[in-house]
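Small disclaimer: the values here were computed from a predicted structure and weren't measured.
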Amino acid sequence: MNEVKLEALKKKGIFLVLLSLTLLFFPITICYNKVSAEEDPSLSKIHAPEFPKDVDWLNTSHPLTLAALREKIILLDFWTYCCINCIHVLPKLHDLELKYGDNLVVIGVHSAKFRDEGETHNIRDAILRYEIKHPVINDRDFRVWKEYDARAWPTMVLIDPDGYIVGTKSGESGPEYFDPMIQRLVDEYSTAGKLDSTPLNLTLEEDNRPKSLLSYPGKVHVDDKNNKLFISDSNHNRILQVSLPDGTVEAVIGNGKVGIDDGSYDQATFNHPQGIFRHKDYLYVADTENHALRRLDLKKKIVTTIAGTGEQAQFRAKGGNALTTALNSPWDVLWEEEKLFIAMAGPHQIWYYEPGNDIVGVYAGSGREDIIDGQADEAALAQPSGLATDGKLMYFADSEVSAIRTVSLEKKPKVKTIVGMGLFKFGDEDGVGSTVRLQHPLGVTYLEGDLYVADTYNNKIKKIEIKKFKSTTYAGNGSDGVTDGDRLRSTFDEPGGLDASQDGKIYIADTNNHLIRVLDTTNDKVSTLVLKGFKEKMPESEMPDIPQYSIPKWSMKSGAGSIQVKLYLPEEFKLNKEGGVYLTVTNDPQQLLQLDNSTFSATDKEFNVPVNWLQGDGYVDFALEFYYCRESNEGLCFFDTQTFRLPLSISSAAETSTFLLENRQVMIPSDSN
């Protein structure tokens, strides 16, 4: 072997060692970093490729073109909605949008990893779930991805007002990296008079979605001892306490605003909470986008932050004091052996919280994103998102590797994979062990020796026989929708969490359907849980700005009379009688009428409200609230609120004592989901 070859092999060996170290410490989704224009000036003259003409656009009424956006600063965000790193970037992008206003246009380029993610209606749900307010392209065929030479999720590309690429950056740090560059472009092009600050006036997906009672519920927890169900109503930023089996909402925990305020139920705030678990008189909550753990005292009705700083951990922390250690997207929680275990999706690890010592630490996972079994501190996990236990083993849904895995509950815990194969090994195949293909499962629960899995992107519930490592489809036909009845003919839409009760019922957070479904393993039927008693507990933040309709002046006969209400709904819709319809007198400054109560409720579209008309002139304000659903699906319930101002002249000489109140146009949901 000559010296030249020996030297080459040495260099190759050093390169492989460095590559191995790089892959160990940087997850595959963010390991690629391209060179920026500042580092290589030759990039500054690369013209940005135009968008394809035949792709679906969301959050805009029409396709956008780079030619029409000339004189705007454009930031492309290549993302996929399964990716935790991409989710972490979204609030940072929103901060840039607020900072630079109409000078900057952020465009999301959704290049899907999983098959289900490539469907436009699923991307629409992701936009609504993550409250994205910029245009998004469905780049399902990776055409834009290839044109811009993207290599990782997330990747960001900066385009100047002349239409040239001036920077490319992969990883979560993209927004911070580009912030000073955007500021320089604003200064330079505004001075030259070449910066367009005209608003785009986008039509957002949220503008076309009616309010629903639940909004993208993420997780559920069954409290068998007290016959309760707890629901993470994630996009309403609250937790619901529901009695079983009747479905009455007993408590709403959180006022619906985004925040991390402690205090009473109506003072507390959350930020898209996910996992929940009751132990004794406490309910523990994974407050995901606050990167914190919260504890609800169910007797005192007080919410307290017990771990996390409210900020995302920027590096893989090792643990320490619970309130001074930053966490990273806690997604589920589970109490076992005097510890609270945490599925920490962000750093690809499982953590623990010890309440007696007020400390947090890593229980399993090296931090590398992969599917590697072995000793807990050496094993590689990939975005763990759901936890369950049989008292001996802890089971977790390892979503990015589409696997169900275990970690033992012992002094030297070990990680082992039950079903699933790897980061890019996914699908919908029943079988045994590594032959099984799931698609981004987010939830798992244990029942009588078996596991039941929310196989999220396959819209199914899978059953895993633990001893055989065997997985079979248990419920759902794979289509997205809301179909009750026979379990194998039922339909779901990206279920995110589930929990089993002792009587054999599995409660499912059917996330994109905004519903709680019930899978009864004793009769093989699926049903929809209808929530009751919701109206009076609705948080203010959930109610939209409501226009007030003016009604021509009415002359009413004083004395006993009535208000006749007639409710009109769109074709194929009906009143949801569990929710009902409510007429409320919100303002009567001249005291023109008397009611037994200020609010009158009914369960029919037509009803009469007895009133006593008093003499005088003025006006009365009414609010009409009603809950409605499609004829074929009473479980999926929307609500509407309309307010009216009625000018009145009340005297003994008037001829009529009955006023007819009819509602105005009702929003029709864009689809059955």
Side-chain angles (χ1 to χ4, degrees), residues 87-88 90-92 94-95 98 129-131 133 206 211 213-221 228 230-242 249-314 317 320-333 340 342 344-346 351 353 355 358-360 534 536-545:
I87 295 169
H88 290 159
L90 294 172
K92 301 176 183 179
H94 183 60
D95 289 343
L98 292 176
R129 189 161 63 247
Y130 295 115
E131 296 169 351
K133 301 185 185 302
E206 66 182 26
K211 297 288 183 178
L213 298 183
L214 299 177
S215 183
Y216 297 102
K219 300 288 185 184
V220 290
H221 172 66
K228 309 290 184 193
F230 294 93
I231 302 169
S232 282
D233 192 8
S234 303
N235 272 49
H236 283 152
N237 304 297
R238 65 190 182 189
I239 309 297
L240 303 183
Q241 176 182 310
V242 177
V249 178
E250 296 179 329
V252 175
I253 305 159
N255 63 26
K257 298 177 182 177
V258 171
I260 192 170
D261 301 296
D262 291 341
S264 64
Y265 283 5
D266 58 354
Q267 293 173 331
T269 55
F270 300 89
N271 192 350
H272 298 80
Q274 289 284 336
I276 41 181
F277 196 94
R278 180 172 186 171
H279 176 65
K280 296 183 178 178
D281 292 327
Y282 296 111
L283 185 75
Y284 294 90
V285 179
D287 197 3
T288 304
E289 294 192 26
N290 273 327
H291 308 286
L293 297 181
R294 317 292 291 282
R295 183 173 62 202
L296 282 53
D297 188 319
L298 298 172
K299 282 191 172 181
K300 297 180 180 179
K301 298 186 176 181
I302 297 292
V303 178
T304 306
T305 301
I306 58 172
T309 63
E311 300 292 333
Q312 179 195 348
Q314 296 303 307
N321 179 274
L323 286 172
T324 60
T325 301
L327 308 182
N328 193 342
S329 293
W331 212 274
D332 202 6
V333 287
L340 185 74
I342 311 152
M344 200 76 76
W351 281 45
Y353 164 70
D358 282 328
I359 61 172
V360 291
F534 225 129
E536 63 275 13
K537 299 181 179 71
M538 206 73 76
E540 290 182 6
S541 61
E542 187 179 325
M543 306 302 282
D545 293 331

*Could you check L283 against Q241 for side chain to side chain contact (heavy atoms under 4.5 Å, CB included), going step by step and ending with a plain yes or no?*
CA-CA 10 Å; L283 185 75; Q241 176 182 310; over 6 Å; no

Set of residues satisfying side-chain hydrogen bond (donor to acceptor under 3.5 Å, both in side chains) with respect to [X], sequence neighbours excluded:
X: D287; value: N290, R294
X: E206; value: K133
X: S264; value: D266, Q267
X: S329; value: H88

Smallest heavy-atom separation, Y265 atom then A251 atom, equals CE2-CB, 4.2 Å

Next on the checklist: For a quick test of reading the model, state the closest non-hydrogen atom pair linking R238 to V252 and the distance between them.
Outcome noted: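 Minimum heavy-atom separation between R238 and V252: CD-CG1, 3.7 Å.
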
Which value, rounded to the nearest 0.5 Å, describes the distance between [X] atom [atom1] and [Y] atom [atom2]?
X: D332; Y: Q274; atom1: CG; atom2: CD; value: 8.5 Å
X: I306; Y: D358; atom1: CD1; atom2: CG; value: 8.0 Å
X: R278; Y: K228; atom1: CZ; atom2: NZ; value: 8.0 Å

Check the surroundings of atom CD in E131: do more than 12 heavy atoms from other residues, nucleotides or ligands lie under 6.0 Å from it?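 More than 12 within 6.0 Å, yes.
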
**OP:** Can you establish whether the number of heavy atoms outside H94 located under 6.0 Å from its atom NE2 is more than 12?
**Re:**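 No, not enclosed.
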
Side-chain heavy-atom pair [X], [Y] within 4.5 angstrom cut-off:
X: L293; Y: W351; answer: no
X: L296; Y: V285; answer: yes
X: I239; Y: S232; answer: yes
X: L240; Y: I253; answer: no
X: F270; Y: V303; answer: yes
X: H272; Y: Y130; answer: no

V242/E250 under side chain to side chain contact (heavy atoms under 4.5 Å, CB included): CA gap, chis, key distance, verdict = CA-CA 5 Å; V242 177; E250 296 179 329; over 6 Å; no

Q: Measure up the H221 and F277 rings against each other and bin them: parallel (under 30°), tilted (30 to 60°), perpendicular (over 60°).
A: tilted

**Asked** How would you list, by chain and number, every residue that makes a side-chain contact (heavy atoms from CB on, under 4.5 Å) with Y282, sequence neighbours excluded?
**Response**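 side-chain contact (heavy atoms from CB on, under 4.5 Å) check on Y282 returns Y284, R295, D297.
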
The side-chain contact (heavy atoms from CB on, under 4.5 Å) partners of S215 (sequence neighbours excluded) come to R209, D233, N235, H236

Could you please spell out the steps behind the side chain to side chain contact (heavy atoms under 4.5 Å, CB included) verdict for T269 and N255? CA-CA 6 Å; T269 55; N255 63 26; 3.3 Å; yes

